[in-house]
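What follows is a set of notes on a single structure, which appears directly below.
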Amino acid sequence: MSATCIRELIITPIAFGDPPLLNSNGVHEPLALRIILQLVLEDGTVGIGESPGGAARLERLHAAAKVVVGMDVFDTTAVSAAIDAALLPTVPSSHERGWTTSAVEVACLDAQGRLLGRPVSDLLGGKVRDAVPFAAYLFYKWAEHPALDGRAAIGDDWGEALDPAGIVEQARLMQERYGFRSFKLKGGVFPPDEEIAAMRALAEAFPGQPLRLDPNVAWTVETSKYVARELDGVLEYLEDPTRGIPGMAEVAKDSPMPLATNMCVIAWEHLRPSVEQGAIQVLLTDHHYWGGLRRTRELAAVCEAFGLSLSMHSNSHLGISLAAMTHVAAAIPNLDHSCDTHYPWNSADDVIVPGALELRDGEVKVPTGPGLGVELDHDQLERLHRRYVDSGKRSRDDTGYMRRFRPEYELKLPRW
Ligand code: GKR
Ligand code: MG
């Protein structure tokens with residue numbers, strides 16, 4: 001067996017702390033789930049990866065682990081095809097299969113980089129920027145996770161943000177701590193006029209700095225059109241105001257600003273109808289479900305061909321994902337907007353050895369070490385895995401958690 005063949009894929013589910021961030025589905029629970037991959041080669045080289053968590057994704061990664069053993073780590077196209085074929089009978093959605101192939105591809109690229117002594121950005125064609133800009137990801141939030149079932153309340157050092165003044169204060173803290181120069185608000189929480197007021201307050205507090213609003217399809221087409229009109233001149237783009245490609249296309253007809261998505265164009269087969277219908281002008285890429293870093297680079301080329309701008313989506317994540325996002329963003333020439341990241345909300349519990357990644361002046365410098373350029377902290381991995389096991393938590397449930405405090409809360413999309 002050659003030294004670059006895959007000997008084993010070690011899969012470790014973990015749980016880490018998350019503040020009470022509000023969204024159109026409810027509120028984040030005290031623990032968020034991820035899965036850490038260690039791809040071990042015959043020569044002992046280990047490539048690492050990070051995937052969103054949950055029981056279904058864990059099961060699919062275990063299925064992938066069976067088929068990749070013995071394959072060459074440089075054969076990433078064949079590795080992805082083998083995983084895809086193994087999942088196809090039980091996972092019909094290409095988007096869903098993409099989560100698994102992506103996580104394994106990132107670990108392969110990390111291992112390749114370690115073998116070659118080159119950063120992953122080099123394996124993607126080389127970086128076109130030394131640092132990647134990120135936006136402050138603002139959330140309406142409670143001051144703390146309230147006490148529950150004998151568990152004490154869990155506070156944080158961000159405080160409450162439930163109105164325009166609270167959001168501006170959170171933005172100031174984000175800027176003070178990380179130097180962000182663009183801001184995204186997670187909306188869909190309060191009636192649209194309140195969120196319009198928050199965006200106007202941000203525009204006043206941070207003149208000339210790019211602003212975005214993302215209500216995660218909480219609005220009807222009519223409401224979306226209203227908000228777009230009200231925020232003309234305030235937003236650089238409006239993200240997923242309403243559900244689906246036809247709905248977004250309706251809003252786009254009259255929208256004074258570009259529309260963006262990480263919800264209605266999430267698989268290759270969505271690109272054609274979205275372009276034909278003129279549904280979006282900005283695509284938020286996410287290597288975690290577009291098939292990996294190389295596929296994301298290809299996606300960028302498709303967007304270039306159709307005149308779509310590029311930004312980047314995020315979900316609650318840790319440092320391996322941030323490193324992967326940074327490498328791919330560095331290698332995409334037509335990245336037109338700062339990327340999203342949840343990192344400030346979750347970085348205190350990171351699973352990597354500190355030092356390689358820093359959010360400073362609103363940017364992350366592209367790591368220059370081999371592979372992703374970050375190292376796994378094995379003690380921390382063990383701690384976070386223990387937390388996962390002890391918590392019994394196996395899936396994300398923002399709506400169910402909200403109902404523990406507001407039993408009358410109903411998931412309703414669109415709500416307004
Ligand atoms: O963390 O609550 C959240 C976000 O709403 C996340 O789940 C979304 O996937 O950030 C994401 C987005 O841009 O839609
Ligand atoms: Mg979004």
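The residues of the chain are indexed from 1 along the displayed sequence. In listed order, ligands and their atoms are each counted from 1. Here the structure is a predicted model, which is why all the values come from computation and not from measurement.
- The nearest protein atom to atom 10 (O) of ligand 1, hydrogens excluded, is given as Tyr137 OH, 2.4 Å; this is a heavy-atom distance.
- Remark: distances from the non-hydrogen atoms of Asp214 to ligand 1 include one below 4.0 Å.
- For CZ of Arg151, the number of neighbouring non-hydrogen atoms (other residues, nucleotides, ligands) closer than 6.0 Å is greater than 12.
- One finds no salt bridge joining Arg403 and Glu408 here, because no Lys/Arg side-chain nitrogen approaches an Asp/Glu carboxylate oxygen to under 4.0 Å.
- As for Glu239, its N/O/S atom nearest the Mg ion (ligand 2) is the one called OE2.
- Every atom of ligand 1 with a heavy atom of Asn262 under 4.0 Å away is listed here by number and element: 12 (C), 13 (O), 14 (O).
- Taking a cut-off of under 4.0 Å to the non-hydrogen atoms of Asn23, the atoms of ligand 1 that pass are 2 (O), 3 (C).
- For Arg394 and Tyr388, the positive end sits near the middle of the six-membered ring, less than 6.0 Å away and at most 45° from its axis.
- What sits closest to atom 6 (C) of ligand 1 on the protein, heavy atoms only, is Asn315 OD1, 3.3 Å.
- For the salt bridge (Lys or Arg N to Asp or Glu O under 4.0 Å) with Lys141, the lone residue among Asp157, Asp163, Asp156 that qualifies is Asp156.
- Taking a cut-off of under 4.0 Å to the non-hydrogen atoms of Ser314, the atoms of ligand 1 that pass are 10 (O), 11 (C).
- Counting heavy atoms of neighbouring residues, nucleotides and ligands inside a 6.0 Å radius, atom CZ of Arg404 does not exceed 12 of them.
- Ligand 1 has no nitrogen or oxygen under 3.5 angstrom from a nitrogen or oxygen of Ser316.
- Scanning all protein heavy atoms for the shortest distance to atom 14 (O) of ligand 1 gives Asn216 ND2, 2.8 Å.
- Contact annotation: His317 has no heavy atom less than 4.0 Å from any atom of ligand 1.
- Remark: Glu276 CD is packed, more than 12 non-hydrogen atoms of other residues, nucleotides or ligands lying under 6.0 Å away.
- For atom 5 (O) of ligand 1, the candidate residues are Lys186, Glu239, Met263, Arg396; the nearest heavy-atom contact is made by Lys186.
- Contact analysis puts His342 in contact with ligand 1, with a non-hydrogen atom separation below 4.0 angstrom.
- Enclosure of atom CZ in Arg177 by more than 12 non-hydrogen atoms of other residues, nucleotides or ligands within 6.0 angstrom is indicated.
- Considering backbone and side-chain atoms together, Asp340 places no N or O closer than 3.5 Å to any N or O of ligand 1.
- Heavy-atom neighbours of Glu410 CD from other residues, nucleotides or ligands within 6.0 Å: at or below the threshold of 12.
- Other residues, nucleotides and ligands contribute at most 12 non-hydrogen atoms within 6.0 Å of the CD atom of Glu204.
- Some N or O of His313 is nearer than 3.5 Å to an N or O of ligand 1, by distance alone.
- Around the Mg ion (ligand 2), the two atoms OD1 of Asn262 and OD2 of Asp214 are separated by an angle of 170°, to 10 degrees.
- For the pair Arg295 and Trp268, the distance from NZ or CZ to the six-membered ring centre is under 6.0 Å and the angle to the ring normal is within 45 degrees.
- Looking from atom 3 (C) of ligand 1 to the surrounding protein, the closest heavy atom is His28 NE2, 3.2 Å.
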